[in-house]
Amino acid sequence: MNRCAQNVMEELDAICLAFGQSDEYSFVFHKKSNWYKRRASKFMTHVVSQFASSYVFYWKEYFPDVPILYPPGFDGRVVLYPSEQNLKDYLNWRQADCHINNLYNTTFWSLVHKGGLTPVQAQIRLKGTLAAEKNEILFSDFNINYNNEPLLYRKGSVLIWQKVNEVSKKRIKLPNEADEKEVEVSRWRNEIVELHCDIIGDQFWEEHPSILSDAC
């Protein structure tokens, strides 16, 4: 899923951020973008078709011995948020939803695979439980500290453009020297980076101001 999202951003560089968890991905187009004259139908069809084709194209890189059983399909919708704060609130909700779903699933499947319960029994056991109670089940029954679970699953994935210093070696001939010499050459370029971090609150946006800047 993350590789597909990366490909979408590489092909549609008007996207300045993507957030994904489970089988869902959100793509943020910059507010100043005039891509396809801001036609919502073009935004949706290009993103969905590029994502679906990428899913098939990159499948064998991740599952070389598992054949894809049927053509995948994805749906999408376009939402226009009136302010930056509305956008942040939406992304906050997506990340909070990621945590809620993953905590439930981690506890549910621990009860099934390690606790010997049937799926129905596990569902009954978890019905009405709060986050603290799920954490207690994981720790007391299975010695699992949820806070030590991979951030990929607890926080989801954030893809952003970031300037990176690319260093390479090159052989050049210097003035007044007969032989070529190998030197290091560096250049700054934009690259998509994958983060698994907290985007709820101000710290993430303060560390990456270019996401919402007019220069994005």
Side-chain angles (χ1 to χ4, degrees), residues 1-21 24-39 42-64 74 76 78-81 84 87-88 90-92 94-95 98 150-175 177 179-216:
M1 294 291 287
N2 290 344
R3 184 64 186 88
C4 295
Q6 179 183 337
N7 183 256
V8 171
M9 289 184 68
E10 289 169 347
E11 295 296 323
L12 312 178
D13 58 7
I15 297 171
C16 54
L17 179 146
F19 177 79
Q21 58 117 349
E24 298 180 356
Y25 241 100
S26 300
F27 296 92
V28 178
F29 284 78
H30 192 260
K31 61 184 177 181
K32 298 291 186 180
S33 172
N34 198 35
W35 190 70
Y36 273 103
K37 297 182 179 178
R38 301 177 71 85
R39 290 161 61 188
K42 290 290 186 180
F43 279 60
M44 185 173 69
T45 54
H46 273 66
V47 169
V48 171
S49 62
Q50 188 71 36
F51 197 99
S53 61
S54 299
Y55 197 90
V56 176
F57 187 83
Y58 293 112
W59 175 271
K60 286 190 176 181
E61 288 188 16
Y62 297 89
F63 307 103
F74 296 89
V78 177
V79 180
L80 182 63
Y81 288 107
E84 291 180 359
L87 172 64
K88 291 178 181 179
Y90 165 77
L91 293 170
N92 291 349
R94 298 305 302 142
Q95 187 165 71
C98 172
L151 287 173
L152 168 64
Y153 305 115
R154 292 192 290 121
K155 301 292 186 182
S157 301
V158 185
L159 303 183
I160 61 172
W161 290 98
Q162 191 165 288
K163 287 189 179 296
V164 295
N165 189 15
E166 188 178 69
V167 179
S168 60
K169 292 186 177 181
K170 185 178 181 180
R171 296 192 67 83
I172 62 173
K173 189 173 182 180
L174 299 175
E177 291 191 17
D179 298 327
E180 290 186 340
K181 185 177 181 181
E182 189 177 77
V183 297
E184 286 191 347
V185 179
S186 64
R187 63 168 185 158
W188 289 94
R189 68 184 184 90
N190 278 333
E191 184 178 276
I192 296 170
V193 296
E194 179 180 316
L195 306 174
H196 309 289
C197 61
D198 193 344
I199 61 174
I200 299 174
D202 295 328
Q203 183 176 348
F204 171 80
W205 303 101
E206 291 170 354
E207 292 176 352
H208 305 284
S210 63
I211 296 173
L212 299 179
S213 72
D214 291 340
C216 180

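Here the structure is a predicted model, which is why all the values come from computation and not from measurement.
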If you define the side chain from C-beta out and look only at heavy atoms, does anything of [X] sit under 4.5 Å from [Y]?
X: L17; Y: L91; result: yes
X: W161; Y: I211; result: no
X: L159; Y: V193; result: no
X: V28; Y: L87; result: yes

Worked verdict on I192 versus I160 for side-chain contact (heavy atoms from CB on, under 4.5 Å): CA-CA 6 Å; I192 296 170; I160 61 172; over 6 Å; no
Y90, OH atom: more than 12 neighbouring heavy atoms under 6.0 Å: yes
Which residues share a salt bridge (Lys or Arg N to Asp or Glu O under 4.0 Å) with R94, sequence neighbours left out: E24, D97
By salt bridge (Lys or Arg N to Asp or Glu O under 4.0 Å) - contacts of E191 (at least two apart): R189
Only counting residues at least two apart or in another chain, list the ones meeting side chain to side chain contact (heavy atoms under 4.5 Å, CB included) with [X].
X: N2; result: Y25, L152, S157, E194, H196
X: E11; result: N7, Q50
X: Y153; result: N102, P150
X: Y36; result: K42, H46

How close do [X] and [Y] get, counting heavy atoms only, and between which atoms?
X: R3; Y: Y58; result: NH2-OH, 3.1 Å
X: S54; Y: C4; result: C-SG, 3.7 Å
X: L212; Y: K31; result: O-CE, 4.0 Å
X: C98; Y: G156; result: SG-N, 3.5 Å

Interatomic spacing from CG in L80 to CZ in F29 - rounded to 0.5 Å: 12.5 Å
Gap separating the CE atom of M9 from the SG atom of C16, nearest 0.5 angstrom: 7.5 Å
For [X], what residues pass the side-chain hydrogen bond (donor to acceptor under 3.5 Å, both in side chains) criterion, not counting sequence neighbours?
X: E207; answer: Q203
X: Q162; answer: none
X: R39; answer: none
X: Q95; answer: none

ring-ring contact (aromatic ring centres under 6.0 Å, His included) involving Y62 - partner list, sequence neighbours excluded: none
With Y55 via ring-ring contact (aromatic ring centres under 6.0 Å, His included) - residues at least two apart: W59, F74
Criterion side-chain contact (heavy atoms from CB on, under 4.5 Å) on F27 and F51, from CA distance to verdict: CA-CA 11 Å; F27 296 92; F51 197 99; 3.9 Å; yes
side-chain contact (heavy atoms from CB on, under 4.5 Å) evaluation trace for V158 with F204: CA-CA 11 Å; V158 185; F204 171 80; 3.9 Å; yes
